[in-house]
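Notes for the one structure printed next.
Residue numbering restarts at 1 for every chain, and letters A, B, ... go by the order of the sequence lines.
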There are 2 protein chains.
Amino acid sequence: MTNEQPARTYWFPEREDITIYGVLAALSDPTRLELVRQLATGGERCPYEFCDVTSKQNLSHHLKVLREAGLITARYEGRKKYLSLRRELIDDMFPGLLAGLLTAVEALPQT
Amino acid sequence: MTNEQPARTYWFPEREDITIYGVLAALSDPTRLELVRQLATGGERCPYEFCDVTSKQNLSHHLKVLREAGLITARYEGRKKYLSLRRELIDDMFPGLLAGLLTAVEALPQT
DNA sequence: ATAATAGTACAATGGTTATTGTACTGTCAA
DNA sequence: TTGACAGTACAATAACCATTGTACTATTAT
């Protein structure tokens with residue numbers, strides 16, 4: 001049988017569902033901050049490209065946290081899944097926040 | 001007997017002890033974000049001026065978290081204690097972070 | 001001295017969360 | 001069909017944390 005929809009679909013928060021507390025809490029974890037850093041500097045990524053960051057179960061968990069906080073979105077192309085930062089939205093809601101954060105993260109001693 | 005020192009002295013982190021993770025974690029709590037907001041907009045404050053934010057024990061706890069994260073410092077003048085943001089240090093280490101954050105917090109629907 | 005004020009220390013509790021192991025679904029290549 | 005790959009769901013555990021209650025210290029005012 002045919003399935004026109006992507007294999008799995010999730011809930012993504014709208015603008016009014018996103019809070020500064022949720023965003024900050026999502027960003028306050030080293031693993032998630034690293035994911036955000038790579039998405040910010042490298043653009044779209046597939047989840048399996050983050051396998052060196054942590055285990056796949058934990059990766060799935062952290063991606064869920066980032067998604068529910070409103071920080072990332074996903075695009076399905078064929079059978080592949082591409083993650084990306086919701087940069088315009090976050091920059092519009094919290095101007096300077098991501099920029100300042102990424103500047104600080106890039107200046108960290110060890111990548 | 002005389003006591004030349006302030007009644008209580010604490011450890012305050014130096015620049016090399018301050019991490020982006022600690023700062024973000026400290027800022028990801030609504031209570032602490034409110035304290036930081038008031039310190040940023042109103043300048044120096046005495047702890048008892050925050051009694052309307054939460055209980056004094058909890059206030060003491062959150063101020064400790066903010067202090068150990070490197071976000072605030074204290075000045076003793078006579079018997080009074082004045083809290084303030086370590087604004088120059090944070091702005092130097094994480095440019096744009098506090099500014100973007102405070103912009104977002106000030107834009108929140110309810111203060 | 002006594003009471004009031006400002007602040008902290010400590011224990012307890014309930015809730016959250018990061019991590020791991022196991023198991024499952026769906027897709028692709030052989 | 002079989003196996004490998006990509007990803008998720010769920011349970012369990014351990015750690016962390018926000019909050020509150022009780023008790024304590026130190027200082028000031030009466």
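Following rounding to the nearest Å, B:Trp11 (CH2) and C:dT8 (C1') show an atom-to-atom distance of 18 Å. At whole-Å resolution of the value, OH in B:Tyr76 and P in C:dA6 are 16 Å apart. To the nearest angstrom, P of D:dA26 lies 12 Å from OH of B:Tyr10. We find that NZ of B:Lys64 is positioned 14 Å from P of D:dC16, with the value rounded to whole Å. Atom pair A:Leu63:CG and D:dA9:C1' shows a separation of 15 Å (rounding to whole Å applied). Spacing between atom CD of B:Glu68 and atom P of D:dA18 amounts to 12 Å, rounded to whole angstrom units. Taking atom CZ of residue A:Arg45 and atom C1' of nucleotide D:dA6, one finds them 17 Å apart after rounding to whole Å. Following rounding to the nearest Å, A:Lys56 (NZ) and C:dA23 (C1') show an atom-to-atom distance of 10 Å.
In terms of the side-chain contact (heavy atoms from CB on, under 4.5 Å) criterion, residue partners of A:Gln57 (sequence neighbours excluded) are, by chain and number, A:Ser55. Evaluation of the salt bridge (charged side-chain N to carboxylate O under 4.0 Å, His left out) rule for A:Arg87 yields A:Asp91 as partners, not counting sequence neighbours. In this structure, the salt bridge (charged side-chain N to carboxylate O under 4.0 Å, His left out) partners of B:Glu44, at least two apart in sequence or on a different chain, are B:Arg75. With sequence neighbours excluded, the residues forming a side-chain contact (heavy atoms from CB on, under 4.5 Å) with B:Ala104 are A:Ile20, A:Phe94, listed by chain and number. Residues passing the salt bridge (charged side-chain N to carboxylate O under 4.0 Å, His left out) test with B:Glu49: none are found, sequence neighbours excluded. In this structure A:Asp17 satisfies the salt bridge (charged side-chain N to carboxylate O under 4.0 Å, His left out) test with no other residue, sequence neighbours excluded.
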Legend entry - Contact letters for nucleotides 14-21 of chain C, in which S counts primed atoms plus P, OP1 and OP2 and B counts the base, heavy atoms under 4.0 Å: ----SBBB
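Minimum heavy-atom separation, A:Pro13 to A:Ala69: CG-C, 4.3 Å.
Identified under the salt bridge (charged side-chain N to carboxylate O under 4.0 Å, His left out) test for residues 50-72 of chain A, with sequence neighbours left out: none.
Judged purely by atom type and a 3.5 angstrom limit, B:Arg32 uses its side chain to pair as donor or acceptor with the backbone of B:Ala26.
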Between the protein and nucleotides 11-14 of chain D, list every N/O to N/O distance that falls short of 3.5 Å.
none

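If you check every strand for non-hydrogen atoms under 4.0 Å, A:Lys81 touches sugar and phosphate atoms only.
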